[in-house]
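Worksheet: the structure to be examined is printed underneath.
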Amino acid sequence: MNQMNATLTRVGGVNLLPLAVALVAFVLIGAPSSWMTLTVAGLAMGMMIFLMASGLSLVFGLMDVLNFGHSAFVSLGAFIAATVLAWMGGWLGSDSVLLNSAALFIAFTAAILFGLAAGWFFETVIIKPVYSDHLRQILITMGALIVVEQAILAIWGGTPMSVPRPHFLEGAFLIGDVTIEVYRAFAFLLGLIVYLALYFTLNRTRLGLLIRAGVENREMVEALGFRIDRLFIGVFMAGSALAAMGGAMWAGYETLITPSLGAEMMIVVFIVVIIGGLGSVEGTLLGAIMVGLVSNYVGFLAPKLALASNMILMMIILLWRPNGLRPAVK
Amino acid sequence: QDPVKIGLVHGISGHAFEAFSKQAQTGFELGIEYATGGTNEIKGRPVELVIKDSQFKPDVARAVLAEAYGDDEVLLAVGATSSGVTQAMLPIAEEYEKILIVEPAVADSLTGPDSNRYVFKTSRNSSMDMQAQALALQPDENLVVATLAEDYAFGRDGIEAFKAALDGSGATVVTEEYVPQGTTDFTAVAERMFNALKDEEGRKVILIYIAGGGDAPGKIQAMDPGRYDIEISMGGHILPVLPTYKRFPGLEGAVYYYYEAFDNEINNWLVETHMERFDSPPDFFTAGGMSAALAVVAALEAAPEWDTETLIETMEGMSWDTPKGGMTFRAEDHQALQDMLHFKIKVEDDVEWAIPEKVRIIPAEEMNIPIGREN
Amino acid sequence: MTLLSLTNMQTNIGEYAVLHDISLTVPEGGVFVLLGRNGAGKTTTLRSIMGMWRPSPGSVMFRGQDITALHTADIARLGIAFVPENMGIFGGLTVEENLVLATAKGKFDRDRLNRIYRLFPALEKFWTKQAWSLSGGQKQMLSVARAIIEPRDLILIDEPTKGLAPAIVDAMAEAFREISDTTTILLVEQNFEFAKSLGRDMAVIDDGRIAHAGSMADFVADRALQDRLLSLSV
Amino acid sequence: MTQPSLVTQDLTIRFGGHVAVNAVSCEFRPGELTVIVGPNGAGKTTYFNLISGQLTATSGKVLKDGTDLTAMAPSARAHHGIGRAFQLTNLFPGLTVLENIRLAVQARSGAGWKLLRRVEALTELTEKAERYLEATKLTDKAHQPASALPHGDQRKLEVALLMAMEPDIYMFDEPTAGMSLDHAPDVLDLIAEIKKDRTKTVLLVEHKMDVVRALADRIIVLHNGELLADGPPEEVMSSQIVRDVYLGKSTEAA
Amino acid sequence: MNAIPSTQGSVIVKAAVLVIAALLLFAPFLFQDVRSLEVAARICVFIVLVASYDLLIGYTGIVSFAHTMFFGFGAYGAAIALKQMGPGWDAVALGAVAGMAVSLVVAVAVGLLSLRVKAIFFAMITLATASVALVLASQLSQFTGGEDGITYRSPDIFKTATKLFVDEEGKVVRIFGVRLNGKLAAYYFVFFTSLAMFLFMLRLVGSPIGTVLKAIRENEARAEAIGYRVVAYRTFVFVIAALLASLAGTVYAIWLKYTGPDTTLSFAIMIDILLMVVIGGMGTMWGAVIGAVLMVMAQYYLRDLMGTAAEATANIPLLPEVLNPDRWLFWLGIIFILLVYFFPKGIAGTIAQKGARA
Ligand SMILES: Nc1ncnc2c1ncn2[C@@H]1O[C@H](COP(=O)(O)OP(=O)(O)OP(=O)(O)O)[C@@H](O)[C@H]1O
Ligand SMILES: Nc1ncnc2c1ncn2[C@@H]1O[C@H](COP(=O)(O)OP(=O)(O)OP(=O)(O)O)[C@@H](O)[C@H]1O
Ligand SMILES: [Mg+2]
Ligand SMILES: [Mg+2]
């Protein structure tokens with residue numbers, strides 16, 4: 001086992017896992033065009049899941065806060081973006097790509113701003129009293145989840161809401177027999193940008209270290225001269241903003257959203273964060289891509305197993321690496 | 001005069017479907033208003049609605065229904081929105097020996113072997129949806145279909161009914177695909193269906209039968225099935241969902257109700273009144289709720305006595321008028337047989353949603369709805 | 001010159017009154033030793049200075065500034081470092097990362113780092129190891145190293161020698177002596193030999209009160225007082 | 001000479017490339033108190049961990065009265081009479097002092113699986129626990145939660161837990177670290193007491209030289225995970241190599 | 001060694017629980033409407049369910065999301081047996097045993113495989129297992145009725161029409177206006193089986209094993225070091241809790257005469273259980289009683305209460321909107337947050353502690 005792991009690390013480690021999976025799938029699927037379609041779609045789906053999971057991973061991994069309310073931010077982000085897009089129907093309907101993108105940009109900004117504000121509120125009012133108490137975190141955030149879901153129901157009603165999409169994100173590129181949805185390509189790019197931004201802030205600054213240290217021993221970080229409370233608020237706000245942005249992006253993908261959207265995505269998001277390994281954004285990306293690919297391949301090869309594919313993937317990975325693929329803390 | 005008490009048991013909190021329940025209630029109230037000519041009285045007795053919340057929980061639904069029958073002493077009750085919850089309510093009607101009118105839950109099993117003679121059902125059932133859908137495709141030897149449904153009893157039963165309706169028409173089903181409930185990515189299954197259909201001859205159709213969200217049609221459409229001459233077909237939907245149909249101009253299918261499609265006095269009144277009061281046209285469940293109310297009033301007016309046995313006798317085989325034309329309670333299983341709408345999607349820029357334009361009304365007699373039980 | 005002065009400090013933890021009346025003046029420079037039995041309140045005194053417990057009533061003055069109500073982080077930024085009793089290392093971080101966090105700007109001063117390597121060779125050896133896997137003594141070294149990686153005005157140290165091998169204790173005494181020219185050290189210690197060799201001034205805490213304060217030399221000379229306050233007779 | 005009660009044969013553990021304990025073979029006999037000394041990081045605690053099962057050896061064996069314990073879980077080793085106190089205090093913080101000790105007594109008595117007896121009804125357990133409270137002079141703190149004890153008392157409770165397990169092999173890891181001069185003697189007296197019982201084997205890690213001198217029957221020295229010296233106290237302490245790696249110049253001072 | 005030391009506060013808590021027990025015992029006579037009896041029966045079952053969950057989360061510190069799965073095994077066991085074999089005690093017994101057997105096997109497997117891993121992973125694995133069970137219930141619809149669930153008859157003695165005692169005219173005897181019919185028998189069946197299970201758990205946590213569980217929660221490694229096999233103890237409580245949940249499921253299935261995913265397996269019930277444990281207070285059996293009572297009451301009555309409040313405030317702007325009964329869950333959520341915030345130890349825990357300070 002040790003030796004196997006060592007060899008693995010030398011050739012690139014667990015990062016190559018998606019590649020291996022894709023290769024196996026290629027052999028099993030046979031038809032290259034189907035394989036290509038599935039792979040590209042899976043990668044993009046992975047990125048979309050990553051967008052929704054990144055905030056959770058940040059908060060869960062760095063601050064050790066299990067935020068079940070995360071899904072509420074995802075839903076709220078979706079609804080806010082959808083509402084803004086609906087207001088700007090005119091811009092969206094126009095043929096100018098510029099106006100289209102402007103509308104999209106404003107919608108996303110609204111979701112993000114909202115996420116920041118909600119994160120601030122959530123941290124100061126709800127989370128602060130329960131740091132370092134997992135159980136109460138689960139419970140209090142669950143309470144918050146109920147409240148927010150009900151608030152969404154009260155504001156937007158229970159009927160599904162349709163989300164207008166800018167024209168230039170509709171349809172698909174067709175390359176030979178391979179289709180690539182434009183919206184997925186857009187989500188992929190967005191995910192990549194978020195990933196790079198997170199990666200650099202966490203690895204090129206002391207921020208990541210500070211937060212991890214603060215989780216372990218808050219008092220001591222303060223004794224070293226850092227205002228951990230402000231830092232935690234900041235991280236939490238960032239996490240919520242990411243969630244809201246993920247929600248906005250998902251709303252555009254789904255085109256028809258209900259208040260339970262966040263809750264429905266939650267399990268998959270948790271799975272991704274866990275198989276990725278606690279606390280590492282890299283791990284979350286890896287986990288998300290694995291989930292995206294595997295569910296597509298399994299859905300094509302053995303539809304019967306599609307439902308359980310995420311669970312099975314999680315079990316296998318946890319049995320192989322009990323701390324996930326790329327845990328930040330060993 | 002003592003009021004006539006009627007229980008309305010729907011889920012009005014705790015689930016995204018609560019909006020549907022509210023439509024059903026509005027429809028019911030409008031129905032009583034229409035049928036009593038605004039007097040709100042039947043045979044001189046005022047109608048009192050006792051509204052209960054099932055919270056979308058079967059056990060709660062049973063308790064509140066029992067309460068309505070036992071403590072509030074309603075004459076009969078109407079409900080509920082989700083099939084599972086309604087299933088759980090059926091035995092309570094039998095236990096209290098009072099009538100339960102099922103509206104708007106759809107499952108066939110609600111009038112199936114596990115039901116009982118106290119249950120009447122005004123809502124359509126899945127078999128009707130699927131048979132109408134099959135008829136809307138005008139099946140013949142030239143038709144090749146791939147079906148897509150969610151992998152649970154509701155989805156599988158629907159596809160069974162669909163295939164049964166195709167039987168004998170010469171059409172072929174090349175593949176039946178099932179996805180887990182709550183699926184949001186349909187790439188894999190679409191590839192499978194494309195692969196199954198693309199080398200076939202004839203009119204190639206992907207039939208989508210998915211109740212939940214996920215926007216399967218939109219996502220499959222985005223993968224450009226047109227390049228293989230594959231078209232998409234699906235049933236209609238409630239108004240909030242119809243905007244998404246704008247992506248499918250020309251799509252044909254069948255649906256339970258669309259307010260512009262039915263031309264009769266009741267529907268005209270309903271549309272007018274609804275527009276006036278709520279500034280929006282009535283939807284599926286409004287029409288459904290109204291149909292149930294009209295059935296109640298028709299039965300109470302016809303029945304010489306209001307005890308349960310007489311009511312059952314009166315209602316078995318009873319025909320009455322609704323916003324979507326006449327309905328008849330089939331004597332055997334108490335399912336209301338009704339017409340369905342064959343539509344074709346028309347897109348107009350100044351209408352918010354896509355319009356399911358009437359192709360024709362599929363009369364109840366054309367459909368062969370299996371009898372669930374013998375009462 | 002007075003660097004730190006505590007006046008009538010009284011600290012409660014939950015419902016327990018732990019410090020009853022602590023008044024103390026710590027002059028600038030040198031090592032000031034706090035002695036006392038287990039449970040006397042030494043740790044609580046240090047934590048009250050750091051703002052981790054709040055004394056009330058009572059005040060803490062540092063360089064003439066009242067810091068009683070300041071946030072711990074702000075107190076630390078005034079140039080005060082703290083080495084807690086339980087070492088307070090970040091187990092999930094490597095030795096290097098632990099030390100990086102203790103620097104002001106995230107960069108090491110090479111000289112100081114080399115001095116720390118010399119003092120505690122184990123830290124250099126295990127530079128990239130996660131701190132939880134260090135031995136008990138190595139953790140203690142890391143904790144002290146964190147306090148001296150930057151120049152500070154005052155270091156509060158809670159029992160640094162516990163668990164350290166004699167050779168390391170010697171090295172540490174050496175180091176403290178060296179930095180105490182520029183840095184004041186407030187040292188809580190059970191190891192009387194160690195305390196004796198370093199301390200210029202001292203105080204004994206007993207049951208949350210100052211039982212004695214004076215110069216170390218006087219205290220060392222007075223056997224009877226030692227016996228009474230510290231039960232040194234064993 | 002009596003049979004050895006505890007034997008380690010070529011006991012080794014590596015963490016990645018680092019060998020923390022390297023082929024240590026040693027025998028310990030009943031009635032003998034062995035002090036283990038060595039610089040920080042020498043592997044003393046790790047050696048204890050290997051014996052009591054918190055770590056599993058990479059190679060080598062641990063034998064207790066001839067039984068091979070090497071693959072056993074800590075709990076199983078405890079049932080074979082291995083007991084230890086920890087260097088860094090390791091208690092049940094939310095339980096009271098009395099409950100802490102009673103747990104150890106209960107583990108020893110095997111009453112853990114009695115489902116339908118009330119704890120209070122098992123008075124022998126409580127009485128026994130109270131005896132150990134008295135022995136460690138913690139009686140008046142019996143009902144305080146362990147987390148509220150000052151450091152010194154926590155160390156005592158740590159020792160009390162070990163005593164209550166009534167093992168054959170007692171392992172103390174710096175039991176008096178951080179204890180004030182008026183408390184330390186209590187603990188040292190207890191250890192001396194155990195030593196008098198000729199059937200018990202005691203292993204003690206200690207850095208305080210006066211303690212070592214007062215108690216040791218034998219000293220072994222670990223350095224970089226290896227067994228450097230083993231013998232009677234005077235002999236070991238005066239050897240040059242021990243002075244070099246461990247004592248530094250404080251030998252002269254003391 | 002009770003969870004709560006004997007203080008004035010804990011006396012209050014115990015007194016409250018005794019009052020609740022008395023109310024439940026006489027419920028059919030005190031509250032003679034249909035809903036109250038449903039509520040009382042649900043309370044009884046949920047007390048067992050919550051108390052057994054508390055064995056895990058409160059006493060041992062294991063977070064499991066699979067508790068409703070075991071509840072479901074018991075319920076479906078009885079439901080399927082009653083459906084297939086017809087109403088009878090043989091079917092009940094077979095169903096109960098089958099449910100417990102499945103629970104046992106699954107609990108042992110999950111426990112041994114995964115109780116060694118980190119708590120959060122265990123929580124995830126149980127979540128995964130539970131969702132697989134939910135899917136199975138949906139897929140095996142020929143047995144389970146799928147999403148719609150199954151309705152069936154329970155043994156004849158529990159039929160509302162059954163007359164337990166008849167007077168000379170053959171009419172059912174009434175005491176204080178309450179008919180001595182099958183419904184009453186069914187209620188007392190639920191009440192006494194629940195009571196028995198609750199007393200068993202009470203005894204369990206007061207036994208040596210209860211102390212060991214708490215020790216494991218506090219410091220697992222140390223518990224192992226003084227000689228307790230942590231995995232064995234954990235697996236053991238996990239299994240015991242699963243068996244009790246399964247039995248509670250059987251009882252509930254007999255009472256409801258309907259079993260479906262939404263009454264037994266759904267994640268919503270899991271959340272209800274969590275809420276009840278926390279509201280009542282973790283690590284005290286008494287808390288389970290208080291939590292279950294309050295939550296079930298809220299589910300059934302908070303809505304009505306808000307309706308009244310909304311009507312009463314109809315003239316004041318905004319308030320009626322906020323008090324709209326359809327938003328009762330919103331308020332439940334808020335109350336819940338406040339509880340976790342201000343009563344971190346739950347109601348039972350906090351009251352008991354108050355006394356300790358006084
Ligand atoms: N968190 C706490 N809760 C309750 N009491 C506490 C707490 N921390 C400390 N105490 C009490 O405060 C008193 C003083 O404790 P403190 O830790 O300051 O003593 P100390 O002099 O540092 O002792 P030691 O030499 O053992 O470290 C003790 O009696 C202790 O019981
Ligand atoms: N789990 C582990 N993983 C990696 N390295 C470890 C682990 N445990 C111990 N070590 C390393 O093994 C060496 C020996 O540690 P050990 O704790 O046994 O020392 P010690 O002799 O008890 O020292 P001290 O007197 O400081 O307590 C140290 O260098 C330590 O870093
Ligand atoms: Mg101290
Ligand atoms: Mg050690």
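Every heavy atom of this structure was used, including side-chain atoms; hydrogens, water molecules and symmetry mates were not. Residue numbers begin at 1 in each chain, while the letters A, B, ... track the order of the sequences. It should be emphasised that the depicted structure is a prediction, and the values quoted were computed from it without experimental measurement.
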Most heavy-atom pairs under 4.5 Å with chain A, out of B:Asp224, B:Val179, B:Thr187, belong to B:Thr187
Under a 4.5 Å heavy-atom cut-off, does chain B meet the side chain of A:Tyr253, its backbone, both or neither? both
Pair A:Ser295, B:Asp185: side-chain N/O donor-acceptor within cut-off below 3.5 Å: no
Heavy-atom donor-acceptor pair, A:Trp250 side chain to A:Leu261 backbone, under 3.5 Å: no
Picking from A:Val182, A:Ile257, A:Asp177, A:Ile180, which has the most non-hydrogen pairs under 4.5 angstrom with chain B? A:Asp177
Should we say atom CD of B:Glu260 is surrounded by more than 12 heavy atoms from elsewhere, each under 6.0 Å from it? yes
Which bit of A:Leu174 is near chain B, if near means a heavy-atom gap under 4.5 Å: side chain, backbone, both or neither? side chain
Heavy-atom contact with chain A under 4.5 Å, split by part of B:Asp151: side chain
Under 4.5 Å to a heavy atom of chain B? For A:Arg165 that would be neither
Between B:Arg247 (side chain) and B:Pro243 (backbone), is there a donor-acceptor pair under 3.5 Å? no
Per-residue tally against chain B (heavy atom, under 4.5 Å) across A:Leu38, A:Val298, A:Leu301, A:Thr179 peaks at A:Thr179
Enter the distance from A:Ser54:OG to A:Met47:CE here, rounded to the nearest 0.5 Å. 10.5 Å
Ranking B:Thr184, B:Leu242, B:Thr244, B:Val241 by heavy-atom pairs under 4.5 Å to chain A gives rank one to B:Thr184
Treating B:Thr183 as the side-chain partner and B:Pro180 as the backbone partner, does any N or O pair qualify as donor plus acceptor under 3.5 Å? yes
Side chain, backbone, both or neither: which part of B:Glu177 has a heavy atom under 4.5 Å from chain A? side chain
Using atom types as modelled and distance alone, determine if a side-chain donor or acceptor of B:Asp283 lies under 3.5 Å from a backbone N or O of B:Ile238. no
Quick one: what part of B:Tyr228 sits under 4.5 Å from any heavy atom of chain A, side chain, backbone, both or neither? side chain
